[in-house]
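Note sheet for the following structure.
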Amino acid sequence: MWQLAESAHPVLTDEGGAILDERTGRWTHLTSTASAAVMLLLAGTTEEEAAGQYAERYGISGEHAATDVRTVADALSAQGLAVAEPASRRRGWGWWR
């Protein structure tokens with residue numbers, strides 16, 4: 001499951017958005033389509049379901065949508081703003097913090 005890192009705080013709208021990285025104090029700004037991809041991914045759907053909903057929303061092919069959603073997910077993961085592992089596994093230790 002894809003999710004934002006604990007240190008990432010999103011402000012997402014249909015017009016665009018931004019994600020604050022509390023570790024660095026920097027904002028990552030998102031286009032409206034990137035913001036939509038993040039909202040779909042955070043809705044708890046699989047990446048494939050998010051891509052299908054994205055394709056329907058923008059009237060594009062499933063392949064194009066899958067590429068767009070994957071690009072956003074990969075870019076945020078590369079910046080340390082997102083993770084692609086289960087929350088229970090990632091947060092299992094350190095609950096006392």
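Remember, predicted model here, so these are calculated numbers, not experimental data.
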task: Kindly give the heavy-atom pair with the smallest separation between Ser61 and Ala55, and that separation in Å.
output: O-CB, 4.0 Å
Closest non-hydrogen atom pair, Met39 against Asp14: CE-OD1, 3.6 Å
- prompt: Side-chain contact, heavy-atom cut-off 4.5 Å: Val83 with Ser77?
  reply: no
Within-4.5 Å side-chain heavy-atom neighbours: Thr28 and Gln79: yes
message: Treating Ser32 as the side-chain partner and Glu15 as the backbone partner, does any N or O pair qualify as donor plus acceptor under 3.5 Å?
response: no
query: What closest approach, in Å, do Ala51 and Ala66 show between heavy atoms, and which atom pair accounts for it?
result: CB-CA, 3.7 Å
- line: Shortest non-hydrogen pair, Tyr54 vs Ala65, comes out as CD2-CB, 3.7 Å
message: Quick check against the 3.5 Å criterion: does Thr67 have a side-chain atom that pairs as donor or acceptor with the backbone of Glu63?
response: yes
- prompt: How long is the span from the CD atom in Glu22 to the OG atom in Ser7, to the nearest 0.5 Å?
  reply: 5.5 Å
message: Measuring only between side-chain heavy atoms, which start at C-beta, is Val69 closer than 4.5 Å to Leu40?
response: no
message: Does atom CZ (Arg26) have a neighbourhood of more than 12 heavy atoms from anything else shown, all under 6.0 Å?
response: no
task: State the CG-CD distance between Leu41 and Gln3, to the nearest 0.5 angstrom.
output: 11.5 Å
- request: Check whether Leu81 and Val11 end up in the same hydrophobic cluster, where Ile, Leu, Val, Met, Phe, Trp and Tyr are linked by side-chain heavy atoms less than 4.5 Å apart.
  value: no
message: Quick check: do Asp68 and Ile60 have side-chain heavy atoms less than 4.5 Å from each other?
response: yes
query: Same hydrophobic cluster for Leu20 and Leu4, using side-chain heavy-atom links shorter than 4.5 Å among ILVMFWY?
result: no
- request: Please confirm whether the backbone N or O of Thr46 pairs with a side-chain atom of Glu49, one donor and one acceptor, at under 3.5 Å?
  value: yes
- prompt: Would Val72 end up clustered with Trp27 when hydrophobic side chains under 4.5 Å apart are linked, directly or stepwise?
  reply: no
